[in-house]
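Notes follow the structure.
Keep in mind the model is a prediction, meaning the values are calculated, not measured. All values below were derived from every heavy atom in this structure, side-chain atoms included, with hydrogens, water molecules and symmetry-related copies excluded.
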Amino acid sequence: MPEPKEQSPGPESGRVPSAPPSETGSGPEPGSGPGSGLGSGSFLEKAAYITAPATVALGLLYYFGSTYTDAYYAYFGIPTSDLQFSVQKYVVESPAAVFFPLWLLMICGLVVLLVLGSVGRALAVPGREAVRRRVTACLLAIGSLLLVLGGFPAYFMEGRLPPLPSGWLREFLPCLVVALGATLAFFAVQLHLSRGSDEPGRRERTGDRLWLAGGALLIGLFAMSLFFAMSRYAAQAGTTAAAELKAGGYVAHSPRVVVHSKVSLPHHLGGIKFKDRGPGSAPFRYEYRGFRLLVKSPSRYYFVSYAESEVPQLVVLPDDETVRVEISP
């Protein structure tokens, strides 16, 4: 029986069949083209990390600066809406309202962190689990009590506060008590969670998530109380600065002014010297000396007198062709 003949290899034998383009990856990879946008995406993410905190900081500076400026001019009875200040003006005024409380906050925060850190290290020694539990319960109870006793009167029943000396103590003690209570309660939460994390083979429980949520709420209460206190400080600082300017005879920031007017200017300010220069000095025949320029709006002058008075008194003149003003330092 004749043996079958072997067929000669064809032109395609010995070649490895090529895979489809989708499997070999010979085509352009997704995102590798010039329009993929990977570089721009990472740049935008990095820019967001910088601009987001900067935007928050700028907004806070604007708020505290506007609070300070409103209180400053409200002392003299001038609404800041008439002055039409720019955003830059409010931001520039903000350091006078936030520098001291921020410095004090950093110092107090450093002291509190050092003290609570020392307490936490002392309670982390093995064999002190019972002491840690008691300290955690005590801190949580004291913090909650301060939050309740200080929070509700400070934010909802301010008129029913116990008799406190008027001034800075009455303004800031309730909100600082709330901040202290939130700090102690948050430290108690940290002690509880650190105790649980030391247990070997321990899994996260639903109770721990509730403790974490409580800690986040305490941080919110702490931030709210500090914001409330700084807002009050900004208003008090503005009022105090205006009172000091008045007590000093408006010498610090108010230039001297000579007013020449076409018409007589009736006013009730003391220390103002009036002179009628006669018809030969027309059209500005009436001269007034002793004014000091407190502030100027786009359409008005706000003048005060260097003479002492019980309450601030103003003379408001329009910025038009009826008056001419000479300003000297």
- prompt: Between OG of S299 and CG of L317, what distance do you get to the nearest 0.5 Å?
  reply: 12.0 Å
message: Give me the atom names and distance for the closest heavy-atom approach of L61 to S94.
response: O-CB, 3.2 Å
- request: Starting from the C-alpha separation in whole Å, work towards a yes-or-no answer on salt bridge (charged side-chain N to carboxylate O under 4.0 Å, His left out) for R289 and E287.
  value: CA-CA 7 Å; R289 294 180 179 269; E287 180 181 283; 3.0 Å; yes
message: Could you check, using the six-membered ring where one of them is a Trp, whether F291 and H267 have ring centers closer than 6.0 angstrom?
response: yes
query: Tell me, do F187 and V115 make a side-chain contact under 4.5 Å, heavy atoms counted?
result: no
- prompt: Roughly how far, to the nearest 0.5 Å, is the OG atom of S264 from the CZ atom of R285?
  reply: 9.5 Å
statement: When T183, L116, L184, V119 are each screened for side-chain contact (heavy atoms from CB on, under 4.5 Å) with L139, the one that passes is L184
message: On a heavy-atom basis, which atom in S66 and which in Y90 lie closest, and how many Å separate them?
response: CA-CD2, 3.3 Å
message: I'd like to check F76 versus L245 (side-chain heavy atoms, cut-off strictly below 4.5 Å). Are they in contact?
response: yes
- prompt: Which class fits the ring pair F227 and F64: parallel under 30°, tilted 30 to 60°, perpendicular over 60°?
  reply: tilted
- request: Calculate, to the nearest 0.5 Å, the distance between atoms CG and OH belonging to D82 and Y73 respectively.
  value: 12.5 Å
message: salt bridge (charged side-chain N to carboxylate O under 4.0 Å, His left out), that's the test. Do E93 and K89 meet it? Break it down for me.
response: CA-CA 6 Å; E93 294 292 341; K89 167 67 176 178; 2.9 Å; yes
